[in-house]
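Here is the naming used below: chain letters follow the sequence lines, and residue numbers restart at 1 for every chain.
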2 protein chains.
Amino acid sequence: MAKAIPARACPVAAFQKMISGKYKLRIVWDLKDGPRRYGEIRSGLLRGAGGSAEITPRVLSRELKALTESGLIDRKDFGEVPPKVEYRLTRKGKSFVPVVAAIREWGERNLNEAAALADAAE
Amino acid sequence: MAKAIPARACPVAAFQKMISGKYKLRIVWDLKDGPRRYGEIRSGLLRGAGGSAEITPRVLSRELKALTESGLIDRKDFGEVPPKVEYRLTRKGKSFVPVVAAIREWGERNLNEAAALADAAE
DNA sequence: CAGCATCCTGCGTGATACTG
DNA sequence: CAGTATCACGCAGGATGCTG
């Protein structure tokens, strides 16, 4: 089992580790416009997910924690009740946005149904 | 459960689906220099994996098939014994290479241990 | 050489309920 | 509001052995 991340050997492996999970990339993308609160992120994810799929707090929490530990985002807790927590991109996270943009751009161009069907010949 | 890929709603989700799996990105990257045979891909993956981790044929086979069905690579079977099969990037696959390059570049710049430690302040 | 068949395991993810 | 706790499950992915 490969448990340790051989980052130096293969950057893409480390990249995959870092963005593994269904929501991490979308969270980063959502955060590119500025800080957002927990609930806002949650709502934002729901809209694009296919509508009905409820993202559970447990999962979102894990994703956010993982992103924080990866150093892509930063957690800002305004103390006290009612709880208010904001998440924002770190410098590292911001530097990552263009990469996500590239992914999105490519995806929009090549992953639309038409392309998928028409590519049988290639 | 989100089973169908709502590609239009979220390109990154579709992207993640497409490159899910430990080896797909690396396979694409290996293939960027030209066609490669099954065994060559296998060997290539072993070198960067951490050395000891053996990639099983079952897994590699699955990844290659998935990539083929995604339209990123193309399988060319020179009939007959001894078996010889080459895999090459499709046009779609080639268009994807720059994205992988961006990922690698970012990874090399930001995923080395040093950077991870120095980012605490941010 | 380039796979396929079978079995097995850990982890990611979802459902549900509860809390400071 | 922003989480944590517990339970459950499908599936990626590894081990091993066989084949055309």
Side-chain angles (χ1 to χ4, degrees), chain A residues 1-5 13 16-27 30-31 35-46 49-70 73-88, chain B residues 1-5 13 16-27 30-31 35-46 49-70 73-88:
Chain A
M1 274 294 210
K3 43 211 325 119
I5 318 173
Q16 282 183 307
K17 280 274 179 195
M18 170 176 291
I19 59 115
S20 72
K22 295 174 60 175
Y23 308 101
K24 295 208 183 70
L25 280 181
R26 290 162 63 187
I27 292 171
D30 274 5
L31 257 45
R36 282 189 167 231
R37 299 181 57 178
Y38 181 92
E40 294 176 325
I41 297 174
R42 185 152 201 263
S43 312
L45 289 173
L46 289 184
S52 54
E54 274 283 332
I55 173 174
T56 60
R58 163 160 162 56
V59 174
L60 180 53
S61 190
R62 274 177 60 100
E63 302 274 76
L64 288 170
K65 197 167 295 181
L67 283 171
T68 304
E69 284 166 5
S70 299
I73 69 175
D74 188 32
R75 195 192 118 111
K76 185 167 201 171
D77 191 330
F78 303 74
E80 315 344 317
V81 291
K84 177 180 179 184
V85 181
E86 273 188 0
Y87 293 91
R88 56 186 270 270
Chain B
M1 270 294 213
K3 40 209 328 113
I5 318 174
Q16 282 183 308
K17 279 274 179 194
M18 170 176 291
I19 59 114
S20 72
K22 294 173 60 175
Y23 308 101
K24 295 207 184 72
L25 280 182
R26 290 163 63 188
I27 292 169
D30 274 5
L31 258 44
R36 280 189 170 235
R37 299 181 57 177
Y38 181 92
E40 294 176 324
I41 297 175
R42 186 153 200 261
S43 311
L45 290 173
L46 290 183
S52 54
E54 274 283 332
I55 174 177
T56 59
R58 164 164 160 57
V59 175
L60 179 52
S61 190
R62 274 175 60 102
E63 301 272 282
L64 288 170
K65 197 167 295 182
L67 283 171
T68 304
E69 283 166 5
S70 298
I73 69 175
D74 188 33
R75 195 191 117 112
K76 184 167 203 172
D77 191 332
F78 303 73
E80 316 340 317
V81 289
K84 177 181 179 181
V85 181
E86 274 188 0
Y87 293 91
R88 55 186 272 269

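Two residues, B/Pro82 and A/Val81, neighbour DNA chain C, and the one matched to the more 5' nucleotide by heavy-atom proximity is B/Pro82.
What separates CZ of A/Arg36 from C1' of D/dC1 is a distance of 16 Å, to the nearest Å. Rounded to a whole Å, the CD1 atom of A/Ile19 is 16 Å from the C1' atom of C/dT13. For the pair A/Leu60 CG and D/dC1 C1', the computed distance is 13 Å after rounding to whole Å. Put simply, CZ on B/Phe78 is 11 Å from P on C/dA2, counting in whole angstrom units. Separating the NZ atom of B/Lys17 from the C1' atom of C/dT13 is a distance of 11 Å, rounded to the nearest angstrom. In this entry the distance linking CG of B/Leu45 with P of C/dG3 reads 14 Å, nearest Å. In this structure, CG of B/Leu67 is placed 15 Å from C1' of D/dA12, rounded to the nearest angstrom. Atom CZ of B/Arg42 is separated from atom P of C/dA2 by 11 Å (rounded to the nearest Å).
Nearest to the side-chain atoms of B/Glu54 among the listed nucleotides D/dA15, C/dG14, C/dT13 stands D/dA15.
Across all non-hydrogen atoms, the minimal contact from A/Gln16 to B/Gly21 is NE2-O, 3.0 Å.
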Just the table, please: protein N/O against nucleotides 2-5 of chain D N/O, every pair under 3.5 Å.
{"unit_1": "D/dA2", "atom_1": "OP1", "unit_2": "A/Arg37", "atom_2": "NE", "d": "2.9"}
{"unit_1": "D/dA2", "atom_1": "OP1", "unit_2": "A/Arg37", "atom_2": "NH2", "d": "2.9"}
{"unit_1": "D/dA2", "atom_1": "OP2", "unit_2": "A/Gly39", "atom_2": "N", "d": "3.0"}
{"unit_1": "D/dG3", "atom_1": "OP1", "unit_2": "A/Arg75", "atom_2": "NH1", "d": "2.3"}
{"unit_1": "D/dG3", "atom_1": "OP2", "unit_2": "A/Tyr87", "atom_2": "OH", "d": "2.7"}
{"unit_1": "D/dT4", "atom_1": "OP1", "unit_2": "A/Lys65", "atom_2": "NZ", "d": "3.1"}
{"unit_1": "D/dT4", "atom_1": "OP2", "unit_2": "A/Ser61", "atom_2": "OG", "d": "2.4"}

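Legend: residues meeting salt bridge (Lys or Arg N to Asp or Glu O under 4.0 Å) with B/Arg42, ordered by chain and number and at least two apart, are B/Glu54. In this view, A/Pro83 satisfies the side chain to side chain contact (heavy atoms under 4.5 Å, CB included) rule with no residue, not counting sequence neighbours. The side chain to side chain donor-acceptor pair (under 3.5 Å) test applied to B/Glu63 returns B/Lys24, not counting sequence neighbours. Residues that satisfy the side chain to side chain donor-acceptor pair (under 3.5 Å) test with A/Arg62, not counting sequence neighbours, are absent from this structure. Residues meeting the side chain to side chain contact (heavy atoms under 4.5 Å, CB included) test with A/Glu40, sequence neighbours left out: A/Arg36, A/Arg37.
No donor-acceptor pair under 3.5 Å is formed between the side chain of A/Ser61 and the backbone N or O of A/Arg58.
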- Message: Show, in sequence, the C-alpha distance, side-chain angles and deciding distance for B/Leu64 and B/Arg75, and conclude whether the side-chain contact (heavy atoms from CB on, under 4.5 Å) test is met.
- Response: CA-CA 9 Å; B/Leu64 288 170; B/Arg75 195 191 117 112; over 6 Å; no

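Taking CG from A/Leu31 and CG from A/Leu67, the interatomic distance works out to 8.5 Å, rounded to the nearest 0.5 Å.
Within the helix from C/dC1-D/dG20 to C/dG20-D/dC1, the inter-axis angle between the opening and closing five-pair segments is 60°, rounded to 10°.
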